[in-house]
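Input: a single structure, listed below in structure tokens.
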Number of protein chains: 2
Amino acid sequence: MKDVASAAGVALKTVSRVVNGEPGVHPATADRVRAAIDRLGYSRNESARVLRRGRTATIGLVIEDVADPFYAGLSRAVESVAAAHGCLLLSGSSSEDAERERELVLTFCARRVDGLIVVPAGEDHSYLRPELDAGTPAVFVDRPPGPGIDVDTVLADNAGGAALATRHLVAHGHSRIAFLGDEPSIFTAARRLHGFRTALGHLYDERLVCMRSPALDTVRAALDRMLALDRPPTAVFTGNGRLTVTALRALAGRRGPAVVGFDDFELSDLLGVTVVAQDPARMGRVAAELLFRRLSGDTGPAEHPVLPVGLVPRGSGELPP
Amino acid sequence: MKDVASAAGVALKTVSRVVNGEPGVHPATADRVRAAIDRLGYSRNESARVLRRGRTATIGLVIEDVADPFYAGLSRAVESVAAAHGCLLLSGSSSEDAERERELVLTFCARRVDGLIVVPAGEDHSYLRPELDAGTPAVFVDRPPGPGIDVDTVLADNAGGAALATRHLVAHGHSRIAFLGDEPSIFTAARRLHGFRTALGHLYDERLVCMRSPALDTVRAALDRMLALDRPPTAVFTGNGRLTVTALRALAGRRGPAVVGFDDFELSDLLGVTVVAQDPARMGRVAAELLFRRLSGDTGPAEHPVLPVGLVPRGSGELPP
DNA sequence: GCAGTGCCGGACAACGTTGTCAAAGCACTG
DNA sequence: CAGTGCTTTGACAACGTTGTCCGGCACTGC
């Protein structure tokens, strides 16, 4: 900038004014400055600007894994909203590791992101307290923060969705329904199990429940075990997209129970699988918009919108006549 | 930092030393400083540090769309390598828009990212010249840069893969094979068409080729048109993952040609679709590692690794006897 | 007790920008 | 032609850190 200033024969501040489109610069002077900028290939140093102004025009996004279609869709929506506000996105995957989540969040904070959107992996977010107190807004998505942290959250109606699917199965004549969920420590997994259990009532059977992270081996073993029971399940409700896909794979090529899943997935329509669909893009959009409202000064009490989910019947839950 | 210094009763610089783990601080002093840091909830302002040191420990990634599984996988790999080098990732989706690509890249540069990984959407990258000259290394992935820009590139063997699939189909008795590709302006689409055409030789028929971006309507229309020909295709080779999925959807429920696709996709195994698989994670990893080699001082000539692709036969290309 | 040696702590400048404030230039009025 | 008000420009400090350099202090060996 100094070089541009001397090249154009003006003061530093005048260059700054031109670069920022501030009023009060004579058009001829501005042209001279712009010419010098082009000639020297100058571009403003954003780090210095950030240091001076205090706003980074960057938000931090911590998700579980970008490669998971659900979080990829969510990411994309957050990015779009951020772009519309002239913000960039620093993002990182926690891999369901609380320590990594904490590290990412704190690194983002050290870089003075303007705000945070977090899909938490851990249960304790007290490490966020100083940052929140310092005025960095955060929005939790898909899962709530640990106790004592009262921030905005955007959740889906997990229990309701699970109940919806369960009732659908029952209505179609199923009475032995298995549930495959992720680790019970994961909020969504627990909520969905809860919805399943509640909707199933007296039909609920502990032996038809398996809560483990989605690996083909474990899913296959669980299904084998359940199918070997006296009264095997006629339907399986899977607690997230990955489990649905894994279960379908485990059951491929054999006559097994019908599969109904939480989360929609690519080609579910072709495979005719009934699902409870949530809208990851909407979740990301709602969270990002909430964050930007906070950034523009909204200091109301924490909000906790719950997004609806919808049953998409595709036949897989219907018992053959 | 100033507050911490006065709280601990030491000079600013001493705090800096403690924070950076520099030697030459008495352990007792260091403890006092650390206590003050904890008490005040201080965290280093990374922007100021960047301004002073010149390195941001951030790399910029421009892809086409995070929500596309191919780029999501690539992103994840880049992120892993970056994390291993203590770097964060600024990422953005260009949506196949050259102007947006340019904007993202230049914004990243203004923020002084240490390096760039770009899946280019445009054809002209002369805007990158000043940045490259200024010493910001860039690696192009999946598609090469426009003319005159000689940087590292990591590409897949697009033509070879397409030829592989085509020969597979021919070997299984197909002589009327259609090709559905993305816009011909997209490098990979053009290369794959080229491989297809070359491998097909005299069997190539212009009427069985459609190069359009993957929308269900256009794909359906193209297929309908082809299937209405005198000698309709017995197989369709789709030029990328999205087109494969779209074609499968367009053909769902009717007796149509066999579908073989470029790019693997979730559940391709269950659907029994033969594909030419590339490894997005590997592509991302190779690109990121190349970038970090540049960042650690490797100034050798630009490298252009070409990653192999592999045919995964799953039956969909075989003519019924 | 004194010079020499090492270690530790601190003052200061610099990174590149922007906000504040004051001054200079100019046209216009009375 | 002085006075007024507006526009345009510039000098300076500050943002929070780190690199450089220097001074003070304790410790050693005589």
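Just so you know, these numbers come straight off a predicted model, no measurement behind them. Letters A, B, ... mirror the listed sequences (proteins, then strands); counts begin at 1.
C:dT17 atom C1' lies 11 Å from atom CZ of B:R112, rounded to whole Å. Between the NZ atom of A:K2 and the P atom of D:dG10 there is a distance of 16 Å, rounded to whole Å. With rounding to whole Å, B:H26 atom NE2 is found 11 Å from D:dC27 atom P. Spacing between atom CZ of B:R44 and atom C1' of D:dT17 amounts to 9 Å, rounded to whole angstrom units. For the pair B:E46 CD and D:dC15 C1', the interatomic distance rounds to 15 Å; values are reported in whole Å.
Heavy-atom nearest nucleotides on DNA chain C were determined for B:R17 and for A:Y42, and the one closer to the 5' end corresponds to B:R17. Nearer to the 5' terminus of DNA chain D, by closest-nucleotide assignment, is the contact made by A:G9 (compared with the other of B:N45 and A:G9).
Among the atoms of the strands shown, only primed sugar atoms or phosphate atoms (P, OP1, OP2) are found under 4.0 Å from some heavy atom of A:T29. As judged by a 4.0 angstrom heavy-atom cut-off over every strand, B:V10 is placed among residues touching the sugar-phosphate backbone only. Counting any heavy atom pair closer than 4.0 Å across all strands shown, B:S16 reaches a base atom.
Between B:L116 and B:F140 there is no side-chain heavy-atom pair separated by less than 4.5 Å. Using a 4.5 Å heavy-atom threshold, the side chains of A:E101 and A:Y127 count as touching. Between B:F70 and B:N240, every side-chain heavy-atom pair lies at or beyond the 4.5 Å cut-off.
The nucleotide whose nearest atom lies closest to any side-chain atom of A:N20 is, among D:dG16, C:dA11, C:dT18, C:dT18. Of the listed nucleotides (C:dG9, C:dT18, D:dT17), D:dT17 has the atom at the smallest distance from the side chain of B:M1. Taking only side-chain atoms of A:K13, from C-beta outward, the nucleotide of D:dC15, D:dA11, D:dT9 with the closest atom is D:dA11. Of the listed nucleotides (D:dT18, C:dG16, D:dT9), C:dG16 has the atom at the smallest distance from the side chain of A:L51. Relative to the side chain of A:L12, the nucleotides D:dG16, D:dT17, C:dT17 differ in distance, and C:dT17 lies closest. Relative to the side chain of B:A11, the nucleotides D:dA13, C:dA11, D:dT9 differ in distance, and C:dA11 lies closest.
Within the structure, every side-chain polar atom (N or O) of B:T14 is placed at least 4.0 Å from both OP1 and OP2 of C:dG9. Contact annotation: B:R53 side-chain N/O to D:dT18 OP1/OP2 distance is not under 4.0 Å.
Using a 3.5 Å distance cut-off with no hydrogens or angles, the side chains of B:T107 and B:R102 do not pair a donor with an acceptor.
Between the A:S93 side chain and the A:V66 main chain, a donor and an acceptor come within less than 3.5 Å of each other.
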